[in-house]
Peer 1: 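If you scroll down you'll find the structure; I have some questions about it.
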Amino acid sequence: MFNLLLQFTIIFKSRKLRVEWSILGSSFIFALSHILNVFSAPPYQMKPDQVVHQVVNAFGIGCFLAVLFLYSGKLWLTMLIHTFADIVALSITSIGMIGETLLDPFTQTFIDLSSWLILAAILFLFNKQTVKHTATILTKNKNI
């Protein structure tokens with residue numbers, strides 16, 4: 001995902017919102033990669049609505065992780081948060097061991113997506129210059 005993020009940053013170099021488009025583009029591809037979970041084998045087989053939830057949630061967390069990566073420049077931090085998010089998701093959601101969630105699937109998906117996007121927006125808006133500066137440094141050092 002982060003290689004795509006940097007590649008999108010280079011592709012959109014002449015655009016005014018290159019960092020923003022790069023975050024959205026790489027998050028979209030990250031989310032689409034979760035569609036393959038519809039083909040999971042038992043006992044991990046998922047229903048289509050669970051896959052939709054996972055894809056939408058992956059877009060939200062992808063946005064947050066992309067902003068976090070561009071803010072910190074540290075890949076290990078985003079990997080740690082992704083691992084933590086997976087552990088939490090597998091522990092408390094309907095695909096985990098505890099069972100059904102308390103909310104209906106649409107509401108749960110909306111809350112999850114909103115939460116990740118709000119976190120991403122706060123981190124980005126309060127640190128816009130740092131994020132853009134890190135993106136510039138990372139793309140200059142990248143031999144793509």
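Treat the numbers as computed from the prediction; the structure is a model and nothing was measured.
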Peer 1: Give the C-alpha distance, both sets of side-chain angles, the deciding distance and a yes or no for side chain to side chain contact (heavy atoms under 4.5 Å, CB included) between M79 and K74.
Peer 2: CA-CA 9 Å; M79 292 170 66; K74 303 201 181 323; over 6 Å; no
Peer 1: Do the side chains of D49 and H53 get nearer than 4.5 Å, heavy atoms only?
Peer 2: no
Peer 1: For residues A66 and I23, report the shortest heavy-atom separation together with the two atoms involved.
Peer 2: CB-CG2, 4.0 Å
Peer 1: Compare every heavy atom of T134 with every heavy atom of F69, then report the nearest pair and how far apart it is.
Peer 2: O-CG2, 4.4 Å
Peer 1: Work out which heavy atom in A85 is nearest to a heavy atom in I61; give both atom names and the distance.
Peer 2: CB-CD1, 3.4 Å
Peer 1: So do the side chains of E20 and K128 get within less than 4.5 Å of each other, counting heavy atoms only?
Peer 2: yes
Peer 1: Which pair of non-hydrogen atoms, one from H34 and one from V51, has the smallest distance, and what is that distance?
Peer 2: O-CG1, 3.9 Å
Peer 1: Give the ring-plane orientation class for F106 versus F110, where under 30° counts as parallel, over 60° as perpendicular and anything between as tilted.
Peer 2: parallel
Peer 1: Taking only residues two or more places apart in sequence or in another chain, which ones pass side-chain hydrogen bond (donor to acceptor under 3.5 Å, both in side chains) with S72?
Peer 2: none
Peer 1: Side chain to side chain contact (heavy atoms under 4.5 Å, CB included), that's the test. Do L123 and L119 meet it? Break it down for me.
Peer 2: CA-CA 6 Å; L123 183 60; L119 285 171; over 6 Å; no
Peer 1: Could you tell me whether the side chain of F64 reaches within less than 4.5 Å of the side chain of T78, counting heavy atoms only?
Peer 2: no
Peer 1: Mind listing the closest non-hydrogen atom pair of A120 and V67 along with its distance?
Peer 2: O-CG1, 3.9 Å
Peer 1: Do the side chains of N57 and T109 get nearer than 4.5 Å, heavy atoms only?
Peer 2: no
Peer 1: Ignoring hydrogens, what is the shortest heavy-atom contact between V19 and A135? Give both atom names and the distance.
Peer 2: CG2-CB, 3.9 Å
Peer 1: Which residues pass the side-chain hydrogen bond (donor to acceptor under 3.5 Å, both in side chains) test with N127, not counting sequence neighbours?
Peer 2: none
Peer 1: Is there a path of hydrophobic side-chain contacts, each under 4.5 Å between heavy atoms of I, L, V, M, F, W or Y residues, that connects I122 with L77?
Peer 2: no
Peer 1: Drop me the distance from W76's CH2 to T83's OG1, to the nearest 0.5 angstrom.
Peer 2: 12.0 Å
Peer 1: State plainly whether one hydrophobic cluster holds both V56 and I118, where clusters connect Ile, Leu, Val, Met, Phe, Trp and Tyr through side-chain heavy atoms under 4.5 angstrom apart.
Peer 2: no
Peer 1: Below 4.5 Å, heavy atoms only, C-beta onward: do L113 and F59 meet side chain to side chain?
Peer 2: yes
Peer 1: Could you walk me through whether L70 and F124 satisfy the side chain to side chain contact (heavy atoms under 4.5 Å, CB included) test, starting with their C-alpha distance in whole Å, then the side-chain angles of each, then the deciding distance to 0.1 Å, before giving a yes or no?
Peer 2: CA-CA 9 Å; L70 291 175; F124 182 79; over 6 Å; no
Peer 1: Under a 4.5 Å side-chain heavy-atom rule over Ile, Leu, Val, Met, Phe, Trp and Tyr, are I35 and F39 clustered together?
Peer 2: yes
Peer 1: Could you check whether H82 and D86, counting side-chain N and O atoms only, form a donor-acceptor pair closer than 3.5 Å?
Peer 2: yes
